[in-house]
Amino acid sequence: DLALSRDAGRRALQARIADAADKVCGGHPDRGNRYTQEELKRMLPAYDTCCAEAVQRAQASLNLPVMLAQGQ
């Protein structure tokens, strides 16, 4: 349902991938103030790494880096 030939469609797809990565990685740890600052220091880097890797895998599986870079 996305027109990847349009900038808005590409942005929407990137947002959907980011949302999916957030869910796969358990949600942002500081959401809801459920952890102490010390716990967050340990958890945030792991969460950021998880999200970055999930986004990268999704883009690679869809061959998106080339499409997004070329504006296709």
Side-chain angles (χ1 to χ4, degrees):
D1 66 331
L2 295 174
L4 296 180
S5 61
R6 299 181 55 156
D7 190 46
R10 291 188 299 274
R11 282 195 313 267
L13 178 60
Q14 287 174 321
R16 289 180 188 184
I17 290 171
D19 286 344
D22 177 66
K23 289 178 184 164
V24 166
C25 296
H28 204 275
D30 66 356
R31 207 175 287 150
N33 296 321
R34 54 190 171 182
Y35 300 107
T36 66
Q37 287 300 317
E38 194 60 35
E39 290 171 320
L40 286 174
K41 277 186 185 179
R42 292 190 311 267
M43 295 175 81
L44 285 172
Y47 169 81
D48 291 340
T49 299
C50 178
C51 282
E53 290 174 356
V55 167
Q56 185 178 27
R57 283 191 307 270
Q59 289 177 337
S61 72
L62 297 171
N63 198 23
L64 289 180
V66 172
M67 284 176 36
L68 295 175
Q70 294 175 350
Q72 296 179 352

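Between A58 and S61, the shortest heavy-atom contact is O-OG, 2.9 Å.
In the hydrophobic clustering, L44 connects to Y35, L40, M43, either directly or through intervening members, whenever side-chain heavy atoms lie under 4.5 Å apart.
Screening residues 5-25 for ring pair (Phe, Tyr, Trp, His ring centres under 6.0 Å), with sequence neighbours left out, gives no hits.
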Please tabulate, for the side chains in residues 25-32, all donor-acceptor contacts under 3.5 angstrom to protein atoms that are two or more places apart in sequence or on a different chain.
unit_1: H28; atom_1: ND1; unit_2: D30; atom_2: OD1; d: 2.4
unit_1: R31; atom_1: NH1; unit_2: D22; atom_2: OD2; d: 3.4
unit_1: R31; atom_1: NH2; unit_2: D22; atom_2: OD1; d: 3.4
unit_1: R31; atom_1: NH2; unit_2: D22; atom_2: OD2; d: 3.4

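Residues passing the side chain to side chain donor-acceptor pair (under 3.5 Å) test with E39 are T36, sequence neighbours excluded. Residues passing the salt bridge (Lys or Arg N to Asp or Glu O under 4.0 Å) test with D7, sequence neighbours excluded: R10, R11.
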